[in-house]
Number of protein chains: 2
Amino acid sequence: MAEDSKPVYLRIREIIAASILDGVYQDGDLLPSVRALASQQGANPLTVAKAYQTFQDDGLVVVKRGVGMFVAHGAARRLRETERARFLTTVWPPVAEQIRRLGIRIEDLDTQKV
Amino acid sequence: MAEDSKPVYLRIREIIAASILDGVYQDGDLLPSVRALASQQGANPLTVAKAYQTFQDDGLVVVKRGVGMFVAHGAARRLRETERARFLTTVWPPVAEQIRRLGIRIEDLDTQKV
DNA sequence: GTGGCTGTATTATGCCACTGATGCACCATG
DNA sequence: CATGGTGCATCAGTGGCATAATACAGCCAC
């Protein structure tokens, strides 16, 4: 009843973004091919391509046609900044309101463990 | 690019839930009619009805056909419990992970103000 | 140059959630 | 019983998403 079943291409986008943010793929690294990631995730190559497309639009990945997709220069830093801004302005406010409304204490939330 | 554009019936569901949790409508109170809430929210009556339907399924609102919808007995308490459980198991974990991944400090988040 | 790997364009199809318009069933009030 | 308010069932339209089957274009190692 929540937001579990999001579009596949957005799910895959988050997987890629998380990998970049966590440093699995660093500046200049070669990313998994659309076909490889597709078969790994059990999705259609075009769906994966659609996920990659969103990063291309933001200039976070560079395409070398015939070779593959590479992490753009400073992608992790830029991605972290934009995601951080998006989180603070879009994600957090409703979450905070829900915390207040439900009477949840901050101490009850594991903020270190995860 | 986040979860801003959710289905209308879920948006309206949240509005109703928030009103109940905040005590705007208490046990036994008459809720706004589907048509009234629809015109107020600029939505279709059926869309509002679909939102109300989710509450009926959980026994949180009682329908008196030809009269209106009423807040069920103990609805606020039960709603708070289920929403709290859902928040802790479904909503919070990914949020916490994002906080960690983005390197956001808890002190940066307004948890009192909102 | 050939084979094999990349990303991409094209077209078509199926699916499902969401939304909407209309009409009907029910009830309180006078 | 007539009126005007309820909720609800039915049918249909729309759009986004995912998949599929091809085919094409670029690059590299051999």
Side-chain angles (χ1 to χ4, degrees), chain A residues 1-17 19-20 24-73 75, chain B residues 1-17 19-20 24-25 27-73 75 90:
Chain A
M1 195 190 293
E3 33 259 318
D4 31 72
S5 58
K6 274 191 293 190
V8 177
Y9 82 99
L10 285 183
R11 251 191 35 229
I12 294 183
R13 186 191 191 280
E14 290 180 3
I15 293 176
I16 301 169
S19 298
I20 293 179
V24 177
Y25 305 113
Q26 305 192 350
D27 280 22
D29 281 1
L30 175 62
L31 290 161
S33 74
V34 283
R35 289 178 177 84
L37 191 52
S39 94
Q40 173 192 334
Q41 292 293 328
N44 190 285
L46 281 96
T47 305
V48 176
K50 187 174 183 179
Y52 272 128
Q53 183 67 45
T54 66
F55 289 108
Q56 299 180 40
D57 297 341
D58 295 343
L60 294 174
V61 309
V62 174
V63 175
K64 291 188 183 174
R65 209 177 161 132
V67 182
M69 327 263 282
F70 296 84
V71 179
H73 174 65
Chain B
M1 196 188 292
E3 32 260 315
D4 32 73
S5 57
K6 274 191 294 190
V8 177
Y9 82 99
L10 284 182
R11 250 192 36 229
I12 295 184
R13 186 190 191 280
E14 291 180 3
I15 293 176
I16 302 169
S19 298
I20 294 179
V24 178
Y25 306 112
D27 280 21
D29 281 1
L30 175 63
L31 290 161
S33 73
V34 284
R35 288 178 177 82
L37 191 52
S39 96
Q40 173 192 334
Q41 292 293 329
N44 191 285
L46 281 98
T47 305
V48 177
K50 187 172 184 179
Y52 272 128
Q53 182 67 45
T54 66
F55 289 107
Q56 300 181 38
D57 297 342
D58 296 344
L60 294 174
V61 310
V62 174
V63 176
K64 291 189 183 174
R65 209 174 160 132
V67 183
M69 327 262 282
F70 296 85
V71 179
H73 174 67
T90 306

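Not measured: the values here are computed from a predicted model. Naming: A, B, ... by sequence-line order, numbering from 1 per chain.
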Can you check the B:Ile12 CD1 to C:dC18 P distance for me, whole Å? 12 Å

Mind listing the closest non-hydrogen atom pair of B:Phe70 and B:Lys64 along with its distance? CE1-CD, 3.7 Å

Between CG of A:Leu10 and P of D:dG16 the distance, given in whole Å, is 14 Å

Length of the line joining A:Phe70:CZ and D:dC27:C1', which is rounded to integer Å: 11 Å

Can you tell me if the side-chain N/O atoms of A:Asn44 get under 4.0 Å from OP1 or OP2 in D:dA20? yes

Rounded to the nearest Å, what distance is computed from the CG atom of residue A:Leu37 to the P atom of nucleotide C:dG7? 10 Å

If you look at every heavy atom in B:Ala75 and B:Asp27, which pair is closest and at what distance? N-OD1, 3.8 Å

Please state how far atom CD1 in A:Ile16 lies from atom P in C:dG7, giving the value in whole angstrom units. 11 Å

Please evaluate the base of D:dG5 for a donor-acceptor partner in the side chain of B:Arg35 within a cut-off of under 3.5 Å? no

Name the closest nucleotide to the A:Lys50 side chain, picking from D:dC17, D:dA21, D:dC27. D:dC17

Nucleotide of D:dT19, C:dT8, C:dC18 approaching A:Gln56 most closely (side-chain heavy atoms): C:dT8

Rounded distance (Å) that lies between atom C1' of D:dC17 and atom CD of A:Gln41: 17 Å

Among the nucleotides D:dA21, C:dT22, C:dT8, which one has an atom lying closest to any side-chain atom of A:Leu46? D:dA21

Calculate the interatomic distance between A:Leu31 atom CG and C:dG7 atom P; express it in whole Å. 9 Å

Please figure out whether A:Ala36 or B:Val8 has its closest DNA chain C nucleotide nearer the 5' end. A:Ala36

Minimum heavy-atom distance between B:Val62 and B:Ala72, given as atom pair plus value: CG2-CB, 3.9 Å

Does B:Tyr9 reach a base, just sugar-phosphate, or nothing at all? Heavy atoms under 4.0 Å. sugar-phosphate

Counting just side-chain N and O atoms, does A:Thr47 come under 4.0 Å of either OP1 or OP2 of D:dT19? yes

What is the separation between atom NZ on A:Lys64 and atom P on C:dG7, rounded to the nearest whole Å? 13 Å

When you measure from the side chain of B:Asp58 to the backbone N and O of B:Leu60, does any donor-acceptor pair fall under 3.5 Å? no

Over all heavy atoms of both residues, which pair between A:Gly68 and A:Leu30 is shortest? Give the atoms and the distance, please. CA-CD1, 3.9 Å

